[in-house]
Amino acid sequence: QVQLVESGGGLVQAGGSLRLSCAALGRTFSNYAMAWFRQAPGKEREFVASISATGARTYYADSVKGRFTISRDNGINTAYLQMNSLKPEDPAVYYCAARAWGVSTARDDYDLWGQGTQVTVSS
């Protein structure tokens with residue numbers, strides 16, 4: 001089993017950057033596909049980006065493509081979301097998720113979730 005702990009959220013000006021981290025506690029991190037989702041107040045949790053267990057494949061929501069980059073370091077059991085050119089529509093609680101099967105963009109395919117980290121963008 002893997003437990004997920006996010007960090008790196010905070011307040012940033014529009015156009016700025018943040019890097020979120022997701023530390024996985026457990027010995028089988030390299031077997032899990034990882035993903036980031038986000039949820040803004042009053043909205044459903046939506047897909048942001050995902051990465052396969054080896055890191056060979058990545059997927060992005062259209063709204064973040066070209067601005068966000070998902071990556072992972074299996075040596076230190078950590079996944080990242082580098083967020084550049086942040087926009088006023090990006091604020092949300094960002095959640096890290098994992099699944100022990102192939103990479104997916106579907107929220108319901110992920111059964112392991114972190115507690116979330118808040119991202120706020122000031123205009």
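Cluster membership for Leu4 and Leu81, using ILVMFWY side-chain heavy atoms within less than 4.5 angstrom, is shared. Both Val93 and Tyr110 are assigned to one and the same hydrophobic cluster, defined by single-linkage of ILVMFWY side chains at heavy-atom distances under 4.5 Å. The hydrophobic clustering, which links ILVMFWY residues whose side-chain heavy atoms are closer than 4.5 Å, places Tyr60 and Val103 apart. Follow the hydrophobic side-chain contacts under 4.5 Å out from Val48 and you reach Leu86 in the same cluster.
Pairs passing the salt bridge (Lys or Arg N to Asp or Glu O under 4.0 Å) check and including a residue from residues 47-66, sequence neighbours excluded, read Asp62-Lys65. Under the salt bridge (Lys or Arg N to Asp or Glu O under 4.0 Å) criterion, no residue pair touches residues 7-21, with sequence neighbours excluded. Residue pairs meeting the salt bridge (Lys or Arg N to Asp or Glu O under 4.0 Å) criterion with at least one partner in residues 66-89, sequence neighbours excluded, are Arg67-Asp90. Residue pairs meeting the ring-ring contact (aromatic ring centres under 6.0 Å, His included) criterion with at least one partner in residues 88-107, sequence neighbours excluded, are absent.
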If you apply the rule side-chain contact (heavy atoms from CB on, under 4.5 Å), what do you find for Ser17 with Met83, and how did you get there? CA-CA 5 Å; Ser17 299; Met83 304 186 295; over 6 Å; no
Derivation and outcome, side-chain contact (heavy atoms from CB on, under 4.5 Å), residues Arg38 and Val64: CA-CA 12 Å; Arg38 66 186 181 186; Val64 307; 4.0 Å; yes
Trace of the side-chain contact (heavy atoms from CB on, under 4.5 Å) decision for Asn84 with Phe68: CA-CA 6 Å; Asn84 298 329; Phe68 291 9; 5.9 Å; no
Go through the steps for Glu6 and Ser21 under the test side-chain contact (heavy atoms from CB on, under 4.5 Å), then give the verdict. CA-CA 6 Å; Glu6 300 101 330; Ser21 298; over 6 Å; no
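When all heavy atoms of Trp36 and Ala79 are compared, the closest pair comes out as CZ2-O, 4.1 Å. Of all heavy-atom pairs between Ser104 and Asp109, the closest is OG-OD2, 2.6 Å. Between Ala92 and Ala40, the closest heavy-atom pair is CB-N, 3.8 Å. Shown here for Ser50 and Thr105, the closest heavy-atom pair between the two residues is OG-CG2, 4.1 Å.
Residues Pro91 and Val119 fail the side-chain proximity criterion, which asks for heavy atoms closer than 4.5 Å. The side-chain heavy atoms of Thr120 and Val12, taken from C-beta on, include no pair separated by under 4.5 Å.
To the nearest 0.5 Å, atoms SG (Cys22) and OH (Tyr80) are separated by 10.5 Å. One distance of note links CZ of Arg99 with CG of Asp111; it measures 8.0 Å at 0.5 Å rounding. Taken from CD1 in Ile51 to CE in Met34, the straight-line distance is 9.5 Å, to the nearest 0.5 Å. Taken to the nearest 0.5 Å, the CD atom of Gln82 stands 8.5 Å off from the CG atom of Leu18.
Judged by the 6.0 Å and 45° rule, Arg107 forms no cation-pi pair with Trp113.
Within a 6.0 Å sphere centred on CD of Glu46, heavy atoms belonging to other residues, nucleotides or ligands number more than 12.
Here the side chain of Ser63 pairs no donor or acceptor atom with the backbone of Ala61 at under 3.5 angstrom. Using a distance-only test at 3.5 Å, with no hydrogens or angles considered, no donor-acceptor pair links the side chain of Ser52 to the main chain of Ala33. Checked by atom type and distance alone, the side chain of Thr117 pairs as donor or acceptor with a backbone atom of Gly9 at under 3.5 Å.
Judged by distance alone, the side chains of Ser30 and Asn74 never bring a donor and an acceptor atom under 3.5 Å apart.
Under the ring pair (Phe, Tyr, Trp, His ring centres under 6.0 Å) criterion, Tyr32 pairs with no residue, sequence neighbours left out. For the ring pair (Phe, Tyr, Trp, His ring centres under 6.0 Å) test, residues two or more places apart in sequence or in another chain that qualify with Phe47 are Phe37.
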